[in-house]
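We name chains A, B, ... by the order of the sequence lines, and we start the count at 1 in each one. What you see below is based on every heavy atom in this structure, not just the backbone, and it leaves out hydrogens, waters and symmetry mates. Being a predicted model, the structure only gives us computed values, none of them experimental.
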Amino acid sequence: MGKFPGQHSRPPDTDTSLRLAAPLQSCGRTGDLRLGRRLHARLVLSGAAAASAFLTNHLITMYSHCADVTSALRLFHAMPRPNLVSWTTLISGLAQNSMHGDALTAFASMRRAGLAPTQFALSSAARAAAALAAPLLGAQLHCVGVRIGFDSELFVASNLADMYFKSGLLAEACRVFDQMPHKDAVAWTALIDGYAKNGSLEKAALAFRAMKREGLVGADQHVFCTVLSASGGLKDAWLGRTIHSSVIKAGFQLEVAVRNALTDMYANAADMEDAARVLRIDPQGWTVVSATSLIDGYIETERVEEALRIFIELRRQGVEPNEFTFSSMIKGCAMQALLEQGAQLHAQLIKTNIISDSFVGSTLLDMYGKCGLISLSIQLFNEIEHHTDIAWNALINVLAQHGHGREAVQAFDRMTSSGIRPNHITFVSLLTACSHSGLVDEGLKYFNSMKDAHGIEPKEEHYSCIIDMYGRAGRLDEAEKFIHEMPVKPNAYGWCSLLGACRMRGNKELGEVAAKNIMELEPDNTGVHVSLSGIYASLGQWEDVKAVRKLMWDSRIKKLPGFSWVDANNKTHVFASEDWSHPQQEKIYKKLEELYERIKEEGYVPDTRFLPCNLDNAAKERILRYHSERIAVAFALISMPATKPIIVKKNLRICVDCHSALKFISKVESRDIIVRDNSRFHHFGKGRCSCEDYW
DNA sequence: GTAGGGTTAG
């Protein structure tokens, strides 16, 4: 009596230690921190913990597994003589809890304390270097490994290979992998995933084949997940199907992660039927991840209504959509300019705390921008608490698409001065903004600052923006010179910009060069032939026009039909050129005729330069008068209240003549008309357009 | 005796 328990207890013997350690281990496995703390308290009272490094190491492991790093660290620092396992446990615990920098520091301290790292410590440190994508530190660890003979050990080498892959050093990674005498499923996953994440999808698929051919290791669920993701990226449903059958043979088809990967693979390969089938066979109901994959697949294939169906069904099953689900859905609304549905999703988001997610906030901002409501878009940006690079990029892009070049430049300056680093996407938007507003000098200034001031190597899309910038400004000679001096070849966008500019300026020679390059890069591009024949037509070279038409006919290339969409009375109405299928066609026709007379009185002159010469003038004017965007605007004028803005969406670029006509229509009707064509927005009002005729 | 790696949605 009167003695505190353990006051005189001796260091526990081996049997006692083992007995006490077992519950700690199982507690670490389940991650039950409360139980862990109780066990800890009991050990302190018994005096066993303080006396035994062995038990303290167990406690550190337990706390690390329960994500209580503070307690683990406190225990470690209280140890009079941490042993090899103590250090190793600490380093791995820090790495497990994503404290990668601290893990590497601890590794250095361990060596300074004169202890040779174990393979366990080395592999944990390599994992930390991989997570940080720190190839210099990683290579140092590699050297340490070589010196102490652990560089080919299974765990160390897997992590080193992973580290090199995550740092983009593929050759180094492969060298480490090839030197491994023993490779298990984890090592193969690192290889396959490494290739896939670096964009070498074919090599990822080949690595999976090599693994099967070697026949030493069976694929586990992780291997299947990675290779499915790679084959989804390849958009190769046949490869995916082969792997799917292997999945079934190996019995992994009911694993949640594998099923999600399968859904995602089929969705990426645009095989939505099979993607949906994988989801339907789920015996445990849906997970938010696989349903989101399916939704995203429908959105990417522009089947927004089906995506919406899955979304509703998901909620019916009681599964809450998360930030990924919402951003996919909102992206779909943005693509199709579905303002009503987008606003409904916004309303649902306000009820959750997901709205603070910067990705979701940015997709919302983008959606309102793409629906033409730029002021709402800017307001949303201002409501986002922390402006990440994604949010800034979205804002700059919206401003660019609406032709607000100056504001885009200002936004960029605000972004950089608030300490957010621009990335290559930022520069695509910024340069587009400059290009669309004729800010050539500013655009060049920012383009030239990319590498030196921001450490971003300009890529082909940036070079193409500059081509577009010169082209829109009519500086075709400089565009041509720029192309010759570029270190990379222009992409299709660059050549299309140049072709468009050549069409506007009637430059046949350069236009033909651009057209030839587009046909090589995008054999299915239908617009090239149309633009090219437009150049010939504007120069009156009707023989060449005929030749292009014949080429189109022979190669069965059809001109992409122009469509316009307009939302009125909660319904989306679609119109084609000379389209008289709408139930209100007679009224629309009358309105168009009336508008035509009124704008002609105001000074509108039809621009028939690009139309075939074999038509008489009346026929030419008739074609222009019934372009889809004009029918859509006429319909909106007769069916919507005068207070609502008219927002028309087009799948092609607006033609010069419609652009002129809509300016006049906005004047005679005193209405704001917003047209979103496939390259940007035009806000018509009071006889002017926001693009100031610069497009 | 105690410590370790890879996987599924923007």
Side-chain angles (χ1 to χ4, degrees), chain A residues 14-15 17-22 24-25 28 52-62 64-65 83-93 95-96 103 117-128 130-131 150 153-163 165-166 183-194 196-197 219-230 232 252 255-265 267-268 287-297 299-300 321-332 357-360 362-363 366 390:
Chain A
T14 304
D15 285 349
S17 288
L18 280 175
R19 192 166 44 76
L20 295 171
L24 279 177
Q25 274 185 318
S52 152
F54 172 77
L55 281 177
T56 311
N57 289 345
H58 266 296
L59 279 167
I60 296 174
T61 309
M62 181 276 294
S64 299
H65 285 175
N83 63 22
L84 209 55
V85 179
S86 317
W87 278 104
T88 307
T89 310
L90 177 76
I91 295 164
S92 101
Q96 269 169 25
T118 59
Q119 72 267 45
F120 302 107
L122 197 54
S123 68
S124 293
R127 179 191 175 192
F150 285 140
E153 193 267 344
L154 186 63
F155 285 65
V156 174
S158 301
N159 273 327
L160 283 175
D162 189 40
M163 178 275 298
F165 272 126
K166 292 209 164 89
K183 297 156 185 137
D184 66 357
V186 179
W188 282 103
T189 308
L191 182 76
I192 298 169
D193 190 53
K197 294 267 157 66
D220 66 4
Q221 54 166 320
H222 299 298
V223 173
F224 281 125
C225 282
T226 356
V227 73
L228 281 169
S229 158
F252 288 113
E255 288 291 334
V256 174
V258 174
R259 253 207 353 269
N260 289 344
L262 277 168
T263 310
D264 195 47
M265 179 274 296
N268 271 331
T287 68
V288 65
V289 176
S290 52
T292 303
S293 289
L294 192 61
I295 285 175
D296 199 51
I299 298 291
E300 290 297 325
N322 64 13
E323 66 270 32
F324 287 90
T325 328
F326 273 109
S327 40
S328 275
M329 290 298 305
I330 296 165
K331 186 182 167 199
D357 182 89
S358 72
F359 229 111
V360 173
S362 308
T363 42
D366 179 64
I390 305 164

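- In this structure, the nucleotide among B/dG4, B/dT2, B/dT8 sitting nearest to the side chain of A/E153 is B/dG4.
- Side-chain atoms of A/S290 and A/S293 form no donor-acceptor pair, as typed in the model, at a separation below 3.5 Å.
- At the phosphate of B/dG6, neither OP1 nor OP2 sits under 4.0 Å from any side-chain N or O atom of A/K197.
- Side chains of A/T292 and A/T325: a donor-acceptor N/O pair is present below 3.5 angstrom, by distance only.
- Checking B/dT2, B/dG6, B/dT8 against every side-chain atom of A/R127, the shortest atom distance belongs to B/dG6.
- Proximity of A/I330 to A/F359: side-chain heavy atoms (C-beta onward) are nowhere separated by under 4.5 Å.
- A/T89 comes within 4.0 angstrom of the backbone, heavy atoms only, and of no base.
- In this structure the side chain of A/K166 never reaches within 4.5 angstrom of the side chain of A/K197, judged on heavy atoms.
- In this structure, A/S123 reaches the bases: a heavy-atom distance under 4.0 Å links it to at least one base atom across the strands shown.
- Backbone-only engagement by A/D193 is indicated by non-hydrogen atom pairs under 4.0 Å involving sugar-phosphate atoms exclusively.
- Protein atom NE2 of A/H58 is 12 Å distant from nucleotide atom P of B/dG1, rounded to whole Å.
- A close approach under 4.0 Å does not occur between any side-chain nitrogen or oxygen of A/H65 and OP1 or OP2 of B/dT2.
- Among the nucleotides B/dT8, B/dA3, B/dG6, the one closest to the side chain of A/V186 is B/dG6.
- Base engagement by A/A187 is indicated by at least one non-hydrogen atom pair under 4.0 Å involving a base atom.
- In this structure, CZ of A/F224 is placed 20 Å from P of B/dG6, rounded to the nearest angstrom.
- Minimum atom distance to the side chain of A/E323 is reached by B/dG10, of the listed B/dT7, B/dG4, B/dG10.
- Looking at heavy-atom distances under 4.0 Å, A/A53 makes no contact with the nucleic acid at all.
- The NZ-C1' distance, from A/K183 to B/dG5, rounds to 16 Å in whole Å.
- Donor-acceptor pairing under 3.5 Å, judged by distance alone, is present between the side chain of A/D184 and the base of B/dG5.
- Remark: P of B/dG6 and CG of A/D220 are 12 Å apart, rounded to the nearest angstrom.
- In this model, a side-chain donor or acceptor of A/T189 finds a partner on the base of B/dG6 within 3.5 Å.
- Heavy atoms of A/T61 sit under 4.0 angstrom from primed sugar atoms or phosphate atoms, though from no base atom.
- Taking only side-chain nitrogens and oxygens, A/Q96 comes nearer than 4.0 Å to OP1 or OP2 of B/dG4.
- Of the N and O atoms on the side chains of A/D366 and A/T363, not one donor lies less than 3.5 Å from an acceptor on the other residue.
- Taking only side-chain atoms of A/L154, from C-beta outward, the nucleotide of B/dG5, B/dG6, B/dG10 with the closest atom is B/dG5.
- Ranking B/dG5, B/dT2, B/dG10 by closeness to the A/N57 side chain, first place goes to B/dT2.
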Working for side-chain contact (heavy atoms from CB on, under 4.5 Å), residues A/K331 and A/E300: CA-CA 9 Å; A/K331 186 182 167 199; A/E300 290 297 325; 2.4 Å; yes
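- Counting non-hydrogen atoms under 4.0 angstrom, A/D357 reaches a base of the nucleic acid.
- Summarising the geometry, the separation between CG on A/D162 and P on B/dG4 is reported as 17 Å, rounded to the nearest angstrom.
- With no hydrogens or angles considered, no side-chain donor-acceptor pair links A/D193 and A/T226 at under 3.5 Å.
- Stacking of the aromatic ring of A/F155 onto the base of B/dG4 is found: the ring centres lie under 5.5 Å apart and the planes are inclined by under 30°.
- Relative to the side chain of A/F54, the nucleotides B/dG10, B/dT2, B/dG5 differ in distance, and B/dT2 lies closest.
- A/Q25 comes within 4.0 angstrom of sugar-phosphate atoms only, judged by non-hydrogen atoms across all strands, and of no base.
- The CD1-P distance, from A/I192 to B/dT8, rounds to 12 Å in whole Å.
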